[in-house]
Student: 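Here it is, the structure, as structure tokens.
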Amino acid sequence: MERYATLPVENGVLGAIRQFLAGLLEKKLVDALLVPLELPTGENVVPTIVSRPEQVQRANPLAPVLPVNAARLVSRVTLVSSSPERLGVVLRSCELRALVELVKLKQASLDKLLLIGIDCFGTYSVNDYEKSVKESASSTEDFLNRAREGKEDPLLRKACQICEYPVPMGADLTIGLLGVDLAKGILLVAGTPEGEKVIEEMGLEEAKAGERQPAVEKLTAERARKREEVLKQVQEEVKGLDKMMATLATCINCHNCKTACPLCYCKECFFDSPVFEFEAEKYLGWAKRKGALRMPNDTLLFHLTRLNHMVVACVGCGLCTEACPNDVPVFDIFRLVGYEVQKVFDYVPGRSLDEELPLTTFREEELPNIGV
Amino acid sequence: MAKSEAVLVIGAGVAGIKASLDLAEAGYTVYLCERKPSIGGAVVQMDRWFPDNHCSLCQMLPTLNRDLSSQFCLRRGLVHPGVELLFNTEVTGLQGEAGDFRAELSTRSTGVDASLCIGCGLCTEACPVEVESQFDEGLGRKKAIDVPNPYASPRRYAIDWEKCTRCGECVGKCPTQAIQLEPKESTMQLQVGAIILSTGFEEFDPRMATQYGYRRYPNVITSIELERILSPGGPSGGELVRSSDGKTPASIAFLQCIGSRDRGRDYCSSACCMFAVKEAALIRKTWPDTDVHIFFMDLRTFGKGYYRYYEHARDELGVHFTRCRVPVVKEDPQTHNIMLTVAADGGLPVRRQFEMAVLSVGQTPAPEFGELCQVLGVETNRWGFCQTRPFSLTETSQDGIYVCGSAAGPKDITDTVVEAGAAAGEATRWLSSPPARPAAEKPAETPSEEEAPQVVVFLCGCGDEIASALDLESVAGYIGQLPGMVHVEQVPYLCSDEALEAVAKGAKEHKGNRLVLGGCGLCVNKYINDKFATEAGLMPEKIRVVNLREDVVWVHRDQPDAALAKTRSLLNMAIEDARQQDYPPVSLTAVTPGALVIGGGIAGMTAALSIARHDIEVHLVEKSPELGGNLKDLYSTLESGDTRPLLKDTLEQVSSNSNIHLHLESEVVATSGYAGDFRVSIKKKDDTTDVLEVGAVIVATGGDEYRPEEYLYGQSQKVLTQRELEKRLASGEIDPSGLSSVVMIQCVGSREKDRPYCSRVCCSEAIKNALKLKEVNPGIEVAVLHRDVMSYGFKEQYYTLAREKGVQFIRYGLDSKPEVKEEGERLITELIEPVLGGKLVLEPDLVVLSTGIIPNDNPALAGILEVETDEDGFFREAEEKFRSTDFLREGIYVCGLAQSPRGIEETIAQAQAAAGRAVSLLTSKHLKAGRMVSEVVQRLCRKCEMCITVCPYDARARDEETNEIVVREALCQGCGACVVACPSGAAKMRGFRDKQVFSLIDAVFQ
Amino acid sequence: MAEEKEFQPVIVGFFCNWCTATAADLAGTLRMQYPANIRPIRTMCSGSVDPVYVLRALLGGADGVIVGGCTPGDCHYVSGNYKARRRMAILKTMLKTLGIEDDRVWIRWISAAEGAKFARTMREVTESIKKLGPNPLREDWSI
């Protein structure tokens, strides 16, 4: 059962969140926090591990930007050994879902982690965000207000526009903004006993869920509708070999998409490994066979194979597209295929740690159309 | 005494194959002789087995040192350097004694010289004599010179001497002059230490029971014939059709107990009930419009998983079950439909029409079996099956001669395989130690580093078979210029001994280090499996064979251009494949001698003794303060008699054996390591922990008696369990002379919703105790209230005897269980009698409950051992039929009630089989990995452990010290699941690395 | 005038050693006729067929790819074909969603005894691929 408390908002929404996060450090409920901090220039935010409460005054987890999927960072911190001290991590839904998948893949550990989720209204690209900061001194608040009014925001990344998981799943605590009267306070949602403990220790005022659930459902439904619309459009753009090739035409095999992907966890990409180091005669042989050979080659094979490896776990954060120097809509392809493939196994990446990875298990009676 | 390390196994059916492989795996020399010209016996006629509808014959192949044996479907044949197959061979004489037998064998030639035959089949084409195919149970036709088993590879042609007219048509057609038209007998003498008799059964010939109309009515067939009809390789290509008109029958009746449970054969054939249920289930799945009825007397679902399977067939697949022995089969001459007069419970006999009838024929001894037993000097029982000794299912009357499978009495595959394992294990007591195995003595080969691949290709014309269909000249010209090629040569017959020499010579002359052969199916055998090829310096791994005959010429007759294109492509692929191969050294894993046996009941003690006999240290761990387990509470068995001497004798042997270390009041609390190298922590009585290092573990933790809550048990002094009755009869506490009436209730706690399995032993226990009561007091009234009497095998005769003595067997249904109530001093039992439908009221002095067997807390131990339990809480074996004493986790074996309910004799056999498996592992000093095993590229590995999760064999693990993922090469079976699971390419398969596969694919298009 | 030569597809087969490859042998010894378009590659298990092999064949220009495994439940390696089934489901769903002719990728369960099914399946796959026509990737230099 979820339990709720109110974060008072005397100093504004961001202030309230900062105060809460600082409180966690002060009360030693966590020893450090991983949270986006505003850069001294103010132009952007970067995920930061914070140990001193005063540093938290620069924290801005509401800033609508996702320079990196923080699941990757949690993996970086906890891959070799799990956290020795309490570490609070403030994550958006796509980050938390990616983290859950990485834990299943043994690439991260949740030991001593306090998972603090935050309702997400979506994010801009890094450049768009920088622009918005330059345009307004209170860009975060402006964004929040616009988003809460339900206005369409053309700057939102496509991945965010069609994300049907605005609320993090499985967090210890969630900073609830949806369906909440922010004038009265932020809703802090405890999803686990760990989270409840925090509410108690912080001496926060207990609250009721209020209009949260209907608001979440409404937004989720809108996003799902949008997803259908967008995926239909994407399918029209990429479906079929010709369109696919046109879509990938500018790919230069830089593999930035897999570097940005929170789930592509290989040390070295299969496509960079010696398997793909061929003798010159091979290249010339292929060119001879087909009359010509596009270079760098194996572009389609790379994307199809990466889809095969990762798409069942794809959380749809869209950072692959952000990372592409040549604007290949990698996310579009992944979300489109991911949506279909995940449906086959009724698998929602990041939904639960207890759900086995589809590729490590099977059911005897299933998939009657595959093989006869 | 023991002078030989060789064993003679007689009969190459499933029992013979299993026993031979177990012994060969343990390093002994096996002569496997078979009367027929091919292996497999009855099992190769079948495609699917109960209780899982799967084919899993190949599960019998060794998993340790696996490269020694053939790695393909056992239907095709068996190759193992430790097993010499002697076809068309019978044992004609025996001298000597256990440990030093001299057996006379006589071989009748097949008429086709195997060393000359190229398997082209021209002889069959030419033969004018059509005969019935025995393999297809007479339903299909073949020729008097033909292949006896269509699956066999290489194809061994043989003349049916009885049918052959000696016309000589074939002789002229044979391109290699391999045919001689008169049989030749040759004899040989073998010195062996022990003999295993595994000759199987002959199915009952229903022509002997004329009332069933077999062979008079076309639509009456036997269950084995139906098996061939359902087989995709059978006479109708797997289509369910009836003989009279070739139509798919809309209704089928199975008639059970044909040739079993009758006056002449007062035994149950054990396998036919499940066999029929399986066939019925398969039919309902594939032809749901066909109605299937099974008419039976008792449905004997006594094995593991059988009752569930029956319920599934009945409730989910809609197979109809009617309890009725059908007396006679008639036919409507117009439609050839079958007319049966059947009477279901409580009903009048009615005439019913079916479009097909299947006779579930029982098992009988083979006609020649009596003669063979005489030659061997072993006793047979009254029906002509081999007689075994009390408490043993495998010991014959002669020391050193063991029996297994249906030769000792009718049984199904599961029990046959267990007995074969037991016979193999027990036979070793008469054998001298085998010489060091190749695995242990052969040093790891050094890799030929950076050796540039030089490919030599030989193309076989196969006489004219290949040469006339393919332009080999142009093929040779094409491949001659491919990269890496140093030599191409054409030869008339690659399988001839001359060619073998030529190949070896050619390879040497041209400094070839890779060999590609374009030949036929025989080449695979000759060059890859044949020891000779290896000795000639041609490593099997460096050879690739393209089957130009069976894969091209014979199957693409009317497409010469496409066939030529395919030929080039296949050769190109094979050359590329050979070029890409590298040969890392094969690793050897040391084995820690010493075994741990968990459980000190009869299973554990038997296993411990069997292992200790091989001078191996055994740690026997028992939870309670004393040994004996359930056997302490048993006093006799139906078939073997008094159990007291068995217990006393076994306890004495265990306590006096210096190789056995007892750990009483101790429990296993932790394990680590793997096959050949386990570390097991034992918690002792004083709470201290010992760590034992052993190579193998046997789980023999037994089971428990179900403690009933029903039928006033625990409330009335007059209600007791069979076990309590037995004890009180033995102690004299209960005197049957003082009783006038006893009611026994079967299936208490078994075959119900919570425990949907048969406990297998309770019916025998009831019959045994009923007979005991009758023995002392013939006037006593005994009523056994049952659901099906599970007196399978020879237990049937005691069921008959009990009825003759006046024991009443009254059936009840699951939905109308008997009621037991107490009215004052009176104990009243009421039930609805199903045949007449009336209420029956009995007033016995005692109500005896036949309580089932329930599992111990197996899941807890399973967790410690990292093995699995099944849905009922018993241990889950590696595979139901062929590996029922193994776990998938290698090096751990299971026996007795821990695996499933079974009687004492069966428990002992399974313990001996499990011990045999363990001994085989423990006596090998080293385990040799296969050539194709997976490996880890540590540089690429992110330790996601997907590979560990998907490995079924415990062959991958995270090393505790280095924290790296490691491959336990001896356990790796080369399935490649890890490779596909690994996204980064850190998991690789030797011999099938990604890069090699890519090259192979590229070669397709060149 | 010479008739235009009929399109002869190239179909790469990944056949499990324990079942489909044996069935192929059986079809061969029984001389069952089937089209010569198949290029068999023997694998230990259908579960060892990495989808990247299938893609590599398809993108390399194979007009069809067929994976032959044991009937579900029959795997020599316990569950390799169950795992293969999931992987092929992903692969085919992906190809279908992207419109890259998933009909060119086949997976069939053919047991060791099913020589006739092997021959029949080879006829079916060849016919079906012939209808699809040549794989456009065969000539496509731009992938």
Side-chain angles (χ1 to χ4, degrees), chain B residues 47 52-56 58-59 71-73 75-76 119 121 147 150-151 153 155 231-233 237-238 521 547 549-552 554-559 561-563 565-566 569-570 573 878-879 888 932 950 952-953 973-977 979-981 989 992 994 997-998 1000-1002 1004-1005, chain C residues 5 8 10-12 14 17-19 21-41 43-45 47-53 56-57 60-62 70-80 83-84 87 110-117 119 122 138:
Chain B
D47 293 305
D52 56 10
N53 290 349
H54 298 157
C55 170
S56 30
C58 57
Q59 296 296 330
Q71 297 275 304
F72 45 71
C73 174
R75 288 189 169 79
R76 302 177 65 195
V147 188
Y151 305 120
S153 171
R155 294 175 70 72
S231 168
N547 191 341
R549 196 175 68 179
E550 282 90 330
D551 279 354
V552 182
W554 280 359
V555 288
H556 307 316
R557 240 178 225 142
D558 303 323
Q559 331 160 46
D561 294 346
K566 182 175 176 183
S569 205
L570 292 184
M573 289 161 73
E879 193 276 329
L888 270 179
M932 275 186 90
V950 298
Y953 300 104
Q973 301 297 307
C975 73
V979 178
V980 182
M989 180 61 57
F992 204 69
D994 299 319
V997 182
F998 283 9
L1000 204 51
I1001 294 169
D1002 267 341
V1004 170
F1005 306 112
Chain C
K5 228 177 164 188
Q8 289 295 344
V10 171
I11 301 167
V12 176
F14 293 97
N17 168 64
W18 299 93
C19 52
T22 299
D25 277 354
L26 188 59
T29 55
L30 299 176
R31 300 170 205 224
M32 293 167 171
Q33 298 300 303
Y34 61 88
N37 305 75
I38 196 79
R39 303 287 180 268
I41 295 176
T43 68
M44 287 318 280
C45 176
S48 62
V49 180
D50 196 317
V52 74
Y53 305 157
R56 183 93 190 160
C70 301
T71 311
D74 278 5
C75 180
H76 179 72
Y77 305 107
V78 188
S79 56
K83 294 170 199 150
R87 292 191 182 277
I110 302 173
S111 82
E114 294 178 314
K117 183 174 178 184
M122 292 311 115
R138 192 188 247 195

Student: Given side-chain contact (heavy atoms from CB on, under 4.5 Å), test C/C75 with C/K83 step by step and report yes or no.
Tutor: CA-CA 10 Å; C/C75 180; C/K83 294 170 199 150; over 6 Å; no

Student: If you count heavy-atom pairs under 4.5 Å between each of C/A23, C/A62, C/G115 and chain B, which one has the most?
Tutor: C/A62

Student: When heavy-atom pairs shorter than 4.5 Å are enumerated against chain C, which of B/S231, B/G974, B/C73 gives the highest number?
Tutor: B/C73

Student: How many angstroms lie between atom CD1 of C/I110 and atom OG1 of C/T71, to the nearest 0.5 angstrom?
Tutor: 9.0 Å

Student: If you tally heavy-atom pairs under 4.5 Å against chain B, which of C/Q8, C/H76, C/M44, C/M32 wins?
Tutor: C/H76

Student: In terms of heavy-atom pairs under 4.5 Å, which option from C/V78, C/T29, C/V52 contacts chain B the most?
Tutor: C/T29

Student: Counting only non-hydrogen atoms closer than 4.5 Å, does C/A27 touch chain B with its backbone (N, CA, C, O), its side chain (CB onward), both, or neither?
Tutor: backbone

Student: Where on B/D994 is there a heavy atom nearer than 4.5 Å to chain C: the side chain, the backbone, both, or neither?
Tutor: both

Student: Apply side chain to side chain contact (heavy atoms under 4.5 Å, CB included) to B/H556 and list each qualifying residue two or more places apart in sequence or on a separate chain.
Tutor: B/V552, B/Q559, B/A563, B/K566, C/Y34, C/A36

Student: Non-hydrogen atoms of chain C under 4.5 Å away: do they reach the side chain of B/D47, the backbone, both or neither?
Tutor: side chain

Student: If we define contacts as heavy-atom pairs under 4.5 Å, which of B/R155, B/Q59, B/Q973 has the most with chain C?
Tutor: B/R155

Student: What is the distance from atom CZ of C/R56 to atom CG of B/D1002, rounded to the nearest 0.5 Å?
Tutor: 5.5 Å

Student: Show, in sequence, the C-alpha distance, side-chain angles and deciding distance for C/F14 and B/I1001, and conclude whether the side-chain contact (heavy atoms from CB on, under 4.5 Å) test is met.
Tutor: CA-CA 10 Å; C/F14 293 97; B/I1001 294 169; 4.0 Å; yes

Student: Measuring heavy-atom distances to chain B, does C/I38 have an atom under 4.5 Å in its side chain, in its backbone, in both, or in neither?
Tutor: both

Student: What distance separates B/R76 CZ from B/Y151 OH, expressed to the nearest 0.5 Å?
Tutor: 13.0 Å

Student: Is it the side chain or the backbone of B/V950 that comes within 4.5 Å of chain C heavy atoms, both, or neither?
Tutor: both

Student: Under a 4.5 Å heavy-atom cutoff, which of C/P35, C/S111, C/G80, C/A112 has the most pairs with chain B?
Tutor: C/P35

Student: Shortest non-hydrogen contact from C/N17 to C/T22?
Tutor: O-OG1, 3.2 Å

Student: Below 4.5 Å, heavy-atom pairs only: which of B/A562, B/G521, B/P952, B/P232 has the largest tally toward chain C?
Tutor: B/P232

Student: So for B/A878, is it side chain, backbone, both, or neither that comes closer than 4.5 Å to the heavy atoms of chain C?
Tutor: neither

Student: Using heavy-atom distances under 4.5 Å, tell me whether B/F1005 contacts chain C through its side chain, its backbone, both, or neither.
Tutor: side chain

Student: What part of C/R138 gets within 4.5 angstrom of chain B, counting heavy atoms only: side chain, backbone, both, or neither?
Tutor: neither

Student: Do you know which of B/G233, B/S569, B/A977 has the most heavy-atom pairs with chain C at a distance under 4.5 angstrom?
Tutor: B/S569

Student: Between atom SG of C/C70 and atom CD of C/E114, what is the distance when rounded to the nearest 0.5 Å?
Tutor: 10.5 Å

Student: State the CZ-OG1 distance between B/F992 and C/T43, to the nearest 0.5 angstrom.
Tutor: 5.5 Å

Student: Is B/S56 reaching over with its side chain to a backbone N or O of C/D74, donor-acceptor style, under 3.5 angstrom?
Tutor: no

Student: Between B/V555 and C/G28, which heavy-atom pair has the shortest distance, and what is it?
Tutor: CG1-CA, 3.6 Å

Student: Name the region of B/R557, side chain, backbone, both or neither, that has any atom closer than 4.5 Å to a heavy atom of chain C.
Tutor: both

Student: Among C/C45, C/G61, C/G47, C/G73, which residue forms the greatest number of heavy-atom pairs with chain B at distances under 4.5 Å?
Tutor: C/G73

Student: Is chain C contacted by the side chain of B/E879, its backbone, both, or neither, given a heavy-atom distance below 4.5 Å?
Tutor: neither

Student: Quick one: what part of B/M989 sits under 4.5 Å from any heavy atom of chain C, side chain, backbone, both or neither?
Tutor: neither

Student: For the residue pair C/L26 and B/S153, establish whether any side-chain heavy-atom pair is separated by less than 4.5 Å.
Tutor: no

